[in-house]
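Working notes, structure below.
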2 protein chains.
Amino acid sequence: MRQNEIPKVVSRNGNVRRNRQYEKRMHSILKAASYVIARDGFEGASVRDVAAKARINLSGIYYYFTNKDELLYALQHHTFTTLHETLRHRLQSCDTKEARLRAVLDNHFEFFVENMDDLKVCVHEMESLSGKYYREVLAIRRRYYRLVRKIVAENLDGRRHDADLVSLFLYGSLNWVYTWYDAEKNRDVSKLSDQLLKIYLNGIKAS
Amino acid sequence: MRQNEIPKVVSRNGNVRRNRQYEKRMHSILKAASYVIARDGFEGASVRDVAAKARINLSGIYYYFTNKDELLYALQHHTFTTLHETLRHRLQSCDTKEARLRAVLDNHFEFFVENMDDLKVCVHEMESLSGKYYREVLAIRRRYYRLVRKIVAENLDGRRHDADLVSLFLYGSLNWVYTWYDAEKNRDVSKLSDQLLKIYLNGIKAS
DNA sequence: GTATAATTAGAACGAACGTTCGATTTAATT
DNA sequence: AATTAAATCGAACGTTCGTTCTAATTATAC
């Protein structure tokens with residue numbers, strides 16, 4: 001039996017009698033999808049490739065997901081939610097506004113390093129979904145962005161800056177990372193937040 | 001007769017007897033391709049859609065371009081070259097290093113506003129080509145990046161900053177614009193460079 | 001006007017794709 | 001051990017895609 005209702009993120013199987021490996025299989029499919037979509041793009045990625053990478057039969061994919069779009073939806077939904085949650089958790093132990101801004105950067109970079117494929121799929125395939133799928137992911141994305149914006153705003157000299165613009169510029173620097181990050185060259189991840197934080201707090205001016 | 005040699009950017013037709021409309025047709029195909037690829041992504045864009053948008057028969061496309069990849073190659077090659085050239089030209093009338101940094105931002109934003117689809121196709125489809133096509137575009141992209149980096153570097157307090165990181169962060173802010181730019185909300189383009197320049201020269205610190 | 005080559009048009013090819021279906025196998029319950 | 005449903009599998013469907021081929025048409029040169 002297979003569910004075909006409105007998709008949930010974690011598990012779509014509401015049955016009682018369920019194979020113990022169900023969750024693991026689901027996870028391995030998502031991991032494979034993340035890898036293949038990050039490599040080939042969503043349109044370029046074939047469900048067959050995802051299945052092969054996950055070591056499951058092609059039609060097996062459709063036992064866990066109703067279609068290709070839902071694969072991407074599940075990936076983006078889960079990744080953005082996790083990113084947002086880890087940031088919220090991290091912020092609880094920050095006293096100053098500077099510490100909170102630093103937490104935003106640390107969180108994003110560290111999350112990126114540990115989930116490169118997933119975050120790339122979130123950033124690069126932002127427009128690949130449509131309809132309900134798109135709108136739901138957009139809502140989560142906005143939630144995360146608003147949190148970033150709030151922390152940027154409290155660090156701002158409001159007379160000289162536009163909070164939206166500053167946030168979008170910072171957001172751009174963060175989201176662009178996947179195009180140049182090199183695990184060898186950038187072994188020290190904290191250096192990335194150090195550098196970006198310095199720019200936004202003090203500028204780059206030569207003396 | 002049709003050419004099938006190494007593609008040139010401007011015109012691939014070396015024949016003498018040539019329809020007066022040849023160049024116009026070629027340009028209209030590129031314009032259509034830019035529109036469709038920006039909308040659907042390179043993999044998602046069909047040559048049929050490009051042909052329809054350019055008001056030409058499907059097989060007519062293959063009279064001007066040997067394959068779909070070459071369409072993207074021509075677009076990216078031409079756009080990056082132009083972007084680089086306009087920046088070089090602009091820099092000639094800059095006296096101070098601050099003026100040169102400002103020129104980088106002005107050039108990028110103004111070029112973006114006037115060639116949104118083209119620049120989006122350059123940024124978002126960076127990985128869509130492979131082999132020779134990819135390497136050639138990469139070379140031009142690097143040339144542009146190095147120019148930006150040089151100007152960032154001369155504005156840097158080198159003891160406190162890493163020129164590569166700063167350049168990549170700035171580059172990210174610039175390239176991310178296509179995801180949020182709204183012609184209505186951002187009528188004044190110079191405000192974008194103003195804001196970004198302030199950040200990089202003075203930071204955002206609240207007093 | 002006629003010859004010649006550039007350009008367009010229509011139809012078709014094979015390949016790859018997302019998805020479905022029925023049968024088979026596996027695991028859990030009694 | 002028998003039963004029942006979950007999970008997997010192999011094969012196929014219909015569609016869309018990039019590309020090609022040949023014939024028709026148009027523009028240019030003589």
Side-chain angles (χ1 to χ4, degrees), chain A residues 1-4 7 11-29 32-33 36-37 39-74 125 128-131 133, chain B residues 1-4 7 11-29 32-33 36-37 39-74 125 128-131 133:
Chain A
M1 205 191 80
R2 185 160 53 88
Q3 300 268 103
N4 54 1
S11 167
R12 299 182 51 262
N13 189 321
N15 302 309
V16 184
R17 311 212 340 208
R18 186 196 308 166
N19 191 325
R20 258 186 240 93
Q21 297 198 62
Y22 183 88
E23 310 264 339
K24 285 195 176 180
R25 266 270 200 264
M26 185 135 198
H27 186 260
S28 80
I29 292 175
V36 175
I37 296 174
R39 189 189 59 192
D40 301 335
F42 180 66
E43 290 273 359
S46 75
V47 181
R48 282 168 177 81
D49 271 4
V50 174
K53 183 81 185 170
R55 295 179 160 281
I56 197 176
N57 188 279
L58 168 61
S59 53
I61 300 277
Y62 290 88
Y63 182 73
Y64 292 88
F65 298 91
T66 61
N67 54 41
K68 192 187 174 188
D69 280 6
E70 204 190 288
L71 259 177
L72 181 57
Y73 168 77
E125 309 296 341
S128 296
L129 290 176
S130 59
Y133 287 137
Chain B
M1 207 192 79
R2 185 160 53 91
Q3 298 270 105
N4 54 359
S11 168
R12 300 181 50 264
N13 190 319
N15 303 308
V16 185
R17 303 191 13 188
R18 186 196 311 168
N19 191 326
R20 259 184 240 94
Q21 297 198 62
Y22 183 88
E23 310 264 339
K24 285 195 177 180
R25 267 270 200 264
M26 185 134 198
H27 186 260
S28 80
I29 292 175
V36 175
I37 296 174
R39 189 189 59 191
D40 301 334
F42 180 66
E43 291 274 359
S46 75
V47 182
R48 283 168 176 82
D49 271 3
V50 174
K53 183 79 186 172
R55 295 180 160 281
I56 195 176
N57 188 279
L58 168 62
S59 54
I61 300 277
Y62 290 88
Y63 182 73
Y64 292 88
F65 298 90
T66 61
N67 54 41
K68 193 187 174 188
D69 280 6
E70 203 189 290
L71 258 177
L72 180 57
Y73 168 77
E125 309 297 340
S128 297
L129 290 176
S130 59
Y133 287 137

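You'll find that the side chain of B:Lys68 is closest to D:dG18, out of D:dA7, D:dG18, C:dT8.
Sorted by residue number, the members of residues 53-61 of chain A with any non-hydrogen atom under 4.0 Å from DNA chain C read A:Leu58, A:Ser59. Taking a 4.0 Å limit (strictly below) on heavy-atom distances, residues 44-51 of chain A reaches DNA chain D at A:Arg48.
The side-chain heavy atoms of A:Ile56 and A:Tyr63, taken from C-beta on, include no pair separated by under 4.5 Å. Side-chain atoms of B:Tyr133 and B:Leu72, non-hydrogen and from C-beta on, never get closer than 4.5 Å to each other. A:Ile29 places none of its side-chain heavy atoms less than 4.5 Å from the side chain of A:Met26. Considering only heavy atoms from C-beta on, A:Val50 stays 4.5 Å or farther from A:Phe65 through its side chain.
Contact between the side-chain N/O atoms of A:Tyr64 and the OP1/OP2 oxygens of D:dT8 is found at a separation under 4.0 Å.
Between A:Gln21 atom CD and D:dA7 atom C1' there is a gap of 11 Å when expressed in whole angstrom units. Between A:Met26 atom CE and D:dT8 atom P the separation is 12 Å, expressed in whole Å. For the pair A:Tyr62 OH and D:dC9 P, the interatomic distance rounds to 16 Å; values are reported in whole Å. Atom OH of B:Tyr63 is separated from atom P of D:dC21 by 16 Å (rounded to the nearest Å). In this entry the distance linking CZ of A:Arg25 with C1' of C:dT25 reads 13 Å, nearest Å.
A:Leu129 and A:Asp69 make their closest contact through CD2-O, 3.6 Å (heavy atoms, listed as atom of the first residue, atom of the second, distance). When all heavy atoms of A:Glu125 and A:Gly41 are compared, the pair lying nearest together is OE2-CA, 3.3 Å.
Scored by the side chain to side chain donor-acceptor pair (under 3.5 Å) test, B:Glu43 finds no partners at all (sequence neighbours excluded).
The side chain to side chain contact (heavy atoms under 4.5 Å, CB included) test with A:Arg48 singles out one residue from A:Leu58, A:Val36, A:Ile61, and that residue is A:Leu58.
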